[in-house]
Structure formats: structure tokens, C-alpha cells
Amino acid sequence: MTDKTARHTARPQEEEASRAPAAASEQAAAPQLSTALEREHAETKDRLLRALAEMENLRKRTDREIADSRLYSLTSFARDLLVVADNMRRALDAVAPELRSSAEGGVKALIEGVELTERELLKALEKNGVRQFTPQGEKFDPNVHQAMFEIPDATVPAGSVVQVMQPGYMLGDRVLRPALVGVSKGGPKMAPAPPGNDNKTPKEPAAST
């Protein structure tokens with residue numbers, strides 16, 4: 001073998017030997033690179049999920065604020081309409097029972113017209129989130145009732161609503177106007193209300209006649 005042939009044969013071996021450490025280094029770095037990519041992918045996914053959750057919470061909060069704004073923007077207007085409802089009720093209460101039963105012609109039509117108008121007004125208020133409540137017989141609750149006087153009555157538990165001077169109204173879950181009531185005193189102490197059954201959620205109003 002000539003020197004030229006020997007050098008030609010040895011060169012590929014030397015090149016292969018020189019590439020071996022580089023290949024080993026690349027193989028060792030591959031798992032580290034894969035781990036780094038997986039970590040970056042997991043972090044990116046976590047940030048994306050957090051961003052989506054924040055956007056969903058923002059959407060729900062915005063929808064709730066818009067709904068509240070629409071509902072409670074009616075407060076002033078609804079209070080003005082309550083005066084109309086009160087006047088209608090006073091007019092009907094002023095009609096003596098004997099006159100109501102014996103009314104004929106125009107008088108009967110007038111009474112029925114006022115009753116119909118009162119019912120339609122209450123329906124319109126309820127359609128817009130305003131609910132009437134009459135707490136007759138319930139435990140007095142200063143959150144939704146306003147006591148006007150006390151009535152001595154030993155036959156009912158003390159602190160009971162025994163007379164409703166004026167019905168109350170709720171707008172959504174807020175008190176638009178408390179009910180004006182008379183409260184009993186002198187009777188036995190009222191038993192505590194069972195959990196989840198307090199007066200903060202007024203009963204639905206009875207149908208007006």
C-alpha cells in the first residue's frame with residue numbers, strides 16, 4: 001500500500017472519529033430540548049386556559065352589570081307609579097261594601113274599570129321586575145317592613161304583623177318600598193323561623209279584587 005493510498009483510507013476514519021463526539025453530544029441534548037419544549041407547551045396551554053377563564057368571568061360580570069343597570073334604572077319611575085297604585089286602592093277602599101253590591105249602570109262600570117286598571121298596573125309593574133307583597137301574619141322584619149304602631153294582642157306571637165296599612169314592593173332583590181304594618185305585642189314569643197325561610201324573600205302578592 002502506498003503512502004497516498006494509506007492517507008486516503010485513513011481520512012474517512014479520522015472524519016468519522018471526529019463526528020462521533022458531536023453526534024453523542026446531539027443525542028444527549030435531544031432529551032433536554034424535548035423536555036424544554038414540553039414545559040413551554042404546558043406553560044403556554046396554562047396561560048391560554050387562564051386567559052379564557054378570565055374572559056368568561058368578564059363576560060358574565062358584564063352581563064350581570066348590564067342586567068342590574070337595566071333593572072335598577074327603573075327605580076325612580078317605579079316609585080312614581082306606586083303613588084298611582086296607592087291612589088287607585090284608596091279609591092276602591094272608599095267604596096262601601098253595600099254600595100259595591102248594589103251599584104248599577106255607570107257606577108258599577110266605574111268601580112269595575114278602576115279594579116281592572118289596578119290589576120293591569122300591577123301586572124305591568126311585575127313584568128318589569130316590581131313585585132307587591134303583603135306580609136299579613138308574618139314575623140316582623142325591619143329589612144322589608146316598617147312598623148307604624150303596636151297592637152296589644154295576647155292571642156298571637158309578639159312581633160307578628162297583624163295589620164298591613166300599605167303593601168310593600170320589591171324591585172328585583174331590593175326593597176323598593178317597605179310595607180307599612182302594625183305589629184303585635186304582649187303575646188307569646190315567636191319561634192325562630194326554620195333555616196332558609198325568613199322574611200327577606202316576600203311572598204307573592206294575592207290577586208287584587
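With sequence neighbours excluded, the residues satisfying side chain to side chain donor-acceptor pair (under 3.5 Å) with Asp63 are Arg59. For Glu104, there are no side-chain contact (heavy atoms from CB on, under 4.5 Å) partners two or more places apart in sequence or in a different chain. Here Asp86 pairs with Arg177 under the salt bridge (charged side-chain N to carboxylate O under 4.0 Å, His left out) rule; sequence neighbours left out. Take Ile111 and apply the side-chain contact (heavy atoms from CB on, under 4.5 Å) test, not counting sequence neighbours, and it matches Leu92, Val95, Arg100, Ala103, Val107, Glu115. For Arg50, the salt bridge (charged side-chain N to carboxylate O under 4.0 Å, His left out) partners two or more places apart in sequence, or in a different chain, are Asp46. Listed by chain and number, the residues in a side chain to side chain donor-acceptor pair (under 3.5 Å) with Arg90 are Asn87 (sequence neighbours excluded). Looking at residues two or more places apart in sequence or on another chain, you find no side chain to side chain donor-acceptor pair (under 3.5 Å) involving Asn128. Not counting sequence neighbours, the partners of Asp93 by the side chain to side chain donor-acceptor pair (under 3.5 Å) test are Arg89. In this view, Pro135 and Phe133, Glu138, His145, Val161, Val164, Ala179, Val181 satisfy the side-chain contact (heavy atoms from CB on, under 4.5 Å) rule, not counting sequence neighbours.
Counting only distance, with no hydrogens or angles, the side chain of Thr134 and the backbone of Gly168 share no donor-acceptor pair below 3.5 Å.
Hydrophobic cluster membership of Ile151, counting Ile, Leu, Val, Met, Phe, Trp and Tyr whose side-chain heavy atoms lie under 4.5 Å apart directly or via other members: Met148, Phe149, Val156, Val162, Met165, Leu180. Side-chain contacts under 4.5 Å among hydrophobic residues (ILVMFWY), followed directly or transitively, place Leu52 together with Leu48. Within the hydrophobic cluster formed by Ile, Leu, Val, Met, Phe, Trp and Tyr side chains joined at under 4.5 Å, directly or through other members, Leu58 stands alone, with no partner residue.
When hydrophobic clusters are built by joining Ile, Leu, Val, Met, Phe, Trp and Tyr residues whose side-chain heavy atoms come closer than 4.5 Å, directly or via intermediates, Phe77 is grouped together with Val130. Cluster membership check: Met88 shares its hydrophobic cluster with Leu81, using side-chain heavy-atom separations under 4.5 Å among Ile, Leu, Val, Met, Phe, Trp and Tyr. By the rule that hydrophobic residues join a cluster once side-chain heavy atoms approach within less than 4.5 Å of another member, Leu116 and Leu110 end up as members of separate clusters.
The CG atom of Leu176 sits 9.0 Å away from the CE atom of Met170 when rounded to the nearest 0.5 Å. From Glu54, atom CD reaches atom CG of Asn57 across 8.0 Å, with rounding to the nearest 0.5 Å. The line from CG of Leu122 to OH of Tyr169 is 5.0 Å long, rounded to the nearest 0.5 Å. If you take OG on Ser101 and NZ on Lys108, they are separated by 10.5 Å, rounding to the nearest 0.5 Å. Annotation: the span from Arg131 atom CZ to Leu125 atom CG amounts to 12.5 Å, rounded to 0.5 Å. Atom OG1 in Thr44 sits 12.0 Å away from atom CZ in Arg39 (nearest 0.5 Å).
Contact between Ser184 and Pro157 at its shortest, heavy atoms only, is OG-O, 2.8 Å. When all heavy atoms of Glu118 and Ala85 are compared, the pair lying nearest together is OE2-O, 4.5 Å. In plain terms, the two heavy atoms of Gln163 and Gln136 that are nearest each other are CA-OE1, 3.8 Å. What you find for Val84 and Leu121 is that their closest heavy atoms are CG1-CD2, 4.1 Å.
With a 4.5 Å cut-off on side-chain heavy atoms, Arg47 and Glu43 count as touching.
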